[in-house]
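In this text the structure is predicted, and so the values were computed from the model without any measurement.
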Amino acid sequence: MGFRNIYIQKPTRLSIRRQQLVIQQEEDYTIPVDDINSIMIDHPQCTITTPALSVLAEAEVAVFTCDQKHLPCAIILPVGQYFKKFEALTIQMHVRSKLKDRLWQKVMKQKIANQAKCLALNGRPSVELEVMGKQVLEGDRSHQESQAARLYFRLLFNDQFTRRTDDVLNGALNYGYAIVRGAVARDICAYGFEPALGLFHHNELNPFNLADDLMEPFRPFVDLWVSQNIEQLEEVLTSENKQALFALLFTEVLIDGEYHTLNNAIHKVVSSYTMCCRNDSAAGLKLPELVRLRAHEYE
């Protein structure tokens, strides 16, 4: 898996030459496809050739495009790379409800634990939130997640904050969530699983129900960046804001007792989820733990 995230914000032509991505602007640049993890195309005057799209998909590079508000609105997914697609889909469709409930319980516990850690890293620890995380039942039948979310956002931002407001704060959260969601969807497809078949989410109009499930414990990473950079946010997201949120894919994450990039952590979560489905057991599910935001350094 590559290690470069490319953010394009000026008129550009993207093409492929000898397994190198050619970036044509005022000057030409070339980058080995194997080095690329993801590309964010954020300018209406960009073009990309069909061979470039195919080569990038085969290399499992996440290619995002943005809408008129410069928010990620689409991602190109590597749908044909897994060699046993039908087998994977069959396994996914026969996951028992009991297993789904146990997996969702683990996901929600870790999400709330990460939210509590996010508050603590902002100097606002909440014992109440920590308790809520430990009380999540199988399938979250007591709805601890929604109760925790109300308390969490109020403590993290302020009593007036709501996710329904169209402001720069929510814009930053939505931008970061969209990037993580796209990366999760890419890895789900790379393992031959269908992103529409969710664990908990089951909206018939949502093609990414499973991505929305597995990204839940990663949301506090975005929340932490936004909460620690509020003073840098103006009326609209700047290019610097977007690049910083895009770079979260390489922030450090603790998972399975080791430090990895958030991008690698997503890979581990999706991989372990597919094994849980194959083994009919929630025991092996690996989930990310929030730590201070810093770029991961490879040893």
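- There is a path of hydrophobic side-chain contacts, each under 4.5 Å, that joins W225 to F161.
- Formation of a donor-acceptor pair under 3.5 Å by the R124 side chain with backbone atoms of L156 is found in this model.
- A side-chain donor from one of D223 and Y152 sits under 3.5 Å from a side-chain acceptor of the other.
- Contact check for Q92 versus C277: no side-chain heavy atoms found under the 4.5 Å cut-off.
- Classified by interplanar angle (parallel below 30°, tilted 30° to 60°, perpendicular above 60°), the ring pair F153/F157 is parallel.
- When each of L53, T12, T65 is paired with I48, the side-chain contact (heavy atoms from CB on, under 4.5 Å) condition holds for L53 and for no other.
- Of all heavy-atom pairs spanning S272 and L285, the tightest one is OG-CD1, 3.6 Å.
- Residues I39 and I6 have side chains in contact (heavy-atom distance under 4.5 Å, counting atoms from C-beta outward).
- E258 has no carboxylate O lying under 4.0 Å from a charged side-chain N of K286, or vice versa, which leaves the two without a salt bridge.
- Hydrophobic clustering (ILVMFWY, side-chain heavy atoms < 4.5 Å, transitive): F200 and L137 are in distinct clusters.
- Residues E145 and V136 form no side-chain contact, since every pair of their non-hydrogen atoms from C-beta on lies 4.5 Å or further apart.
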Evaluate side chain to side chain contact (heavy atoms under 4.5 Å, CB included) for K10 paired with E26, printing each intermediate quantity in order.
CA-CA 10 Å; K10 60 175 65 174; E26 291 86 358; 3.9 Å; yes

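- For the pair N170/R163, a side-chain contact is recorded, criterion being any heavy-atom separation below 4.5 Å from C-beta on.
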Could you check I16 against L21 for side chain to side chain contact (heavy atoms under 4.5 Å, CB included), going step by step and ending with a plain yes or no?
CA-CA 5 Å; I16 288 290; L21 178 68; 4.2 Å; yes

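- With hydrogens and angles disregarded, a donor-acceptor distance shorter than 3.5 Å links the side chain of T261 to the backbone of N264.
- Here the shortest heavy-atom pairing between L287 and P217 reads CD2-CG, 4.1 Å.
- No donor-acceptor pair closer than 3.5 Å links the side chain of T165 to the backbone N or O of D167.
- Screening K111, R181, K106 for a salt bridge (charged side-chain N to carboxylate O under 4.0 Å, His left out) involving E216 leaves a single residue, K111.
- Minimum heavy-atom separation, F221 to E252: CE2-O, 4.0 Å.
- Other residues, nucleotides and ligands contribute more than 12 heavy atoms inside 6.0 Å of the NE2 atom of H43.
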Would you sort out whether V226 and L233 count as a side chain to side chain contact (heavy atoms under 4.5 Å, CB included), showing the intermediate values?
CA-CA 9 Å; V226 174; L233 299 177; 4.2 Å; yes

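- Within a 6.0 Å sphere centred on CG of D159, heavy atoms belonging to other residues, nucleotides or ligands number more than 12.
- Judged purely by atom type and a 3.5 angstrom limit, S54 uses its side chain to pair as donor or acceptor with the backbone of T50.
- At least one side-chain heavy atom of V269 sits under 4.5 Å from a side-chain heavy atom of P288.
- For the pair K98 and E138, the salt-bridge criterion is met [side-chain N within less than 4.0 Å of a carboxylate O].
- Nearest heavy-atom pair across A183 and I75 is N-CD1, 4.4 Å.
- The two residues I91 and R278 make their nearest non-hydrogen contact at CD1-NH1, 3.1 Å.
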Could you walk me through whether L224 and N122 pass the side chain to side chain contact (heavy atoms under 4.5 Å, CB included) check?
CA-CA 8 Å; L224 182 57; N122 277 288; 3.5 Å; yes

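- Of the candidates R186, E60, R4, N37 forms a side chain to side chain donor-acceptor pair (under 3.5 Å) with just one, namely R186.
- Going from atom CD of E128 over to atom CG of L151 covers 5.0 Å, rounded to the nearest 0.5 Å.
- The aromatic rings of Y191 and H267 sit tilted, their planes meeting at an angle between 30° and 60°.
- Taken to the nearest 0.5 Å, the CD1 atom of I8 stands 12.5 Å off from the CZ atom of R13.
- Side-chain atoms of F193 and V270, non-hydrogen and from C-beta on, never get closer than 4.5 Å to each other.
- The closest side-chain heavy-atom distance from Q19 to V55 is below 4.5 Å.
- A chain of hydrophobic side-chain contacts below 4.5 Å, direct or via other Ile, Leu, Val, Met, Phe, Trp or Tyr residues, connects I23 to I76.
- Under a 3.5 Å cut-off, the side chain of D212 and the backbone N or O of N209 do not form any donor-acceptor pair.
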Between H201 and D213, does a side chain to side chain donor-acceptor pair (under 3.5 Å) hold up when you go through it step by step?
CA-CA 6 Å; H201 292 88; D213 291 331; 2.4 Å; yes

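- T251 OG1 to L245 CG: the interatomic distance, rounded to the nearest 0.5 Å, is 11.0 Å.
- One distance of note links CG of L14 with CD of Q25; it measures 8.0 Å at 0.5 Å rounding.
- Inspection of the Q105 and D101 side chains reveals no N or O donor paired with an N or O acceptor under 3.5 Å.
- Residues Q9 and Q243 have side chains in contact (heavy-atom distance under 4.5 Å, counting atoms from C-beta outward).
- Remark: side-chain polar atoms of Q147 are paired, donor with acceptor, to backbone N or O of S142 under 3.5 angstrom.
- Taking each heavy atom of P72 and I179 in turn, the nearest pair found is CG-CG1, 4.4 Å.
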